[in-house]
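Accompanying notes for the structure given below.
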Amino acid sequence: VQLQASGGGLVQAGGSLRLSCAVSGRTLSSRFMGWFRQAPGKEREFVATLRRAGGNTYYADSVKGRFTISRDNTGNTLYLMMNSLKPEDTAVYYCAADSGSTILSEARKSTRYTYWGQGTQVTVSS
C-alpha cells in the first residue's frame, strides 16, 4: 500500500488549502485514515482522522472548526480542507492509514498507523 500526499504550499494567514492523499497498491483494509503534522523541532501530532466505515470524523482541538477531513466515494482518496489557516499551522503534513485493528480510543496515536505518505509542506505566513 502506498500513500501519496499533495496540495501543500505557501498561504497567507486566514487563507485556505486542500490536501489530498491518494492510496495505491493492494486493497486497503484500514479502519482509520488520518492526517498528522510535524513542525520543526516538534513531535508529530494528530490533526484529524476518519473512520472508513461510516465516515465518522475526529479532530484535534487546535483545528476543530477550521479543518475538515473527508474521503471520496471509493475510499481511496483522503482530503483535508484547511480554512482560516494560522502561522502555527505551519508544518509538514502526513497522511496515514492503520492496519485495520485500531480501536477508537487509540485512533489519535501515530503509533497505530502503519502506512504513511511522504509528507507535504504547509507554510502559513503572518
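Residue numbers start at 1 and run along the sequence shown.
Atom-to-atom distance recorded for Ser84:OG and Arg66:CZ is 7.0 Å, nearest 0.5 angstrom. Expressed to the nearest 0.5 Å, how far OG of Ser24 lies from CG of Asn76 amounts to 9.0 Å. To the nearest 0.5 Å, atoms CZ (Arg71) and OG (Ser20) are separated by 15.5 Å. Taking CG of Leu3 as the reference point, atom OH of Tyr115 lies at 9.5 Å (rounded to 0.5 Å). One distance of note links CD of Gln118 with OG of Ser6; it measures 8.0 Å at 0.5 Å rounding.
Formation of a donor-acceptor pair under 3.5 Å by the Tyr113 side chain with backbone atoms of Cys95 is not found in this model. With hydrogens and angles ignored, the 3.5 Å screen pairs a side-chain donor or acceptor of Ser30 with a backbone N or O of Asp98. Remark: side-chain polar atoms of Ser16 are not paired, donor with acceptor, to backbone N or O of Asn83 under 3.5 angstrom.
Residue pairs meeting the salt bridge (Lys or Arg N to Asp or Glu O under 4.0 Å) criterion with at least one member in residues 110-126, sequence neighbours excluded: Glu106-Arg112.
Met82 and Met33 fall within a single hydrophobic cluster, where Ile, Leu, Val, Met, Phe, Trp and Tyr are joined by side-chain heavy atoms under 4.5 Å apart, directly or via other members. Hydrophobic cluster membership differs between Tyr93 and Phe32, with clusters built from Ile, Leu, Val, Met, Phe, Trp and Tyr side chains linked at under 4.5 angstrom.
With a 4.5 Å cut-off on side-chain heavy atoms, Arg51 and Leu104 count as touching. With contacts defined as side-chain heavy-atom distances shorter than 4.5 Å, the pair Trp35/Thr49 does not qualify. In this structure, the side chains of Arg44 and Trp116 come closer than 4.5 Å at one or more pairs of heavy atoms. Side-chain contact check for Arg52 versus Arg31: every heavy-atom pair is 4.5 Å or farther apart. Counting heavy atoms from C-beta outward, Thr120 and Leu19 have side chains that approach closer than 4.5 Å. Between Tyr58 and Leu50 the shortest side-chain heavy-atom distance does not fall below 4.5 Å. Ile69 has its side chain within reach of Leu78: a pair of non-hydrogen atoms, C-beta onward, lies under 4.5 Å apart. Side-chain contact check for Leu80 versus Val47: some heavy-atom pair is nearer than 4.5 Å.
Looking at every heavy atom in both residues, Pro87 comes nearest to Ser126 through CG-CB, 3.8 Å.
For the pair Lys64 and Asp61, the salt-bridge criterion is met [side-chain N within less than 4.0 Å of a carboxylate O].
Donor-acceptor pairing under 3.5 Å is recorded for the side chains of Thr123 and Gln121.
Considering only residues two or more places apart in sequence or on other chains, Val11 meets the side-chain contact (heavy atoms from CB on, under 4.5 Å) condition with Leu17, Leu85, Val124. Remark: Phe46 engages Phe36 in a ring pair (Phe, Tyr, Trp, His ring centres under 6.0 Å) (not counting sequence neighbours). Annotation: ring pair (Phe, Tyr, Trp, His ring centres under 6.0 Å) contacts of Tyr94 (sequence neighbours excluded): none. Every residue meeting the side chain to side chain donor-acceptor pair (under 3.5 Å) condition with Glu45, not counting sequence neighbours, appears here in chain and number order: Arg37. Ala22 is linked by a side-chain contact (heavy atoms from CB on, under 4.5 Å) to nothing, counting only residues two or more places apart in sequence or in another chain.
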Review point. Where do Thr90 and Val122 land on the side chain to side chain contact (heavy atoms under 4.5 Å, CB included) test, with the steps shown first?
Key: CA-CA 5 Å; Thr90 295; Val122 172; 5.9 Å; no

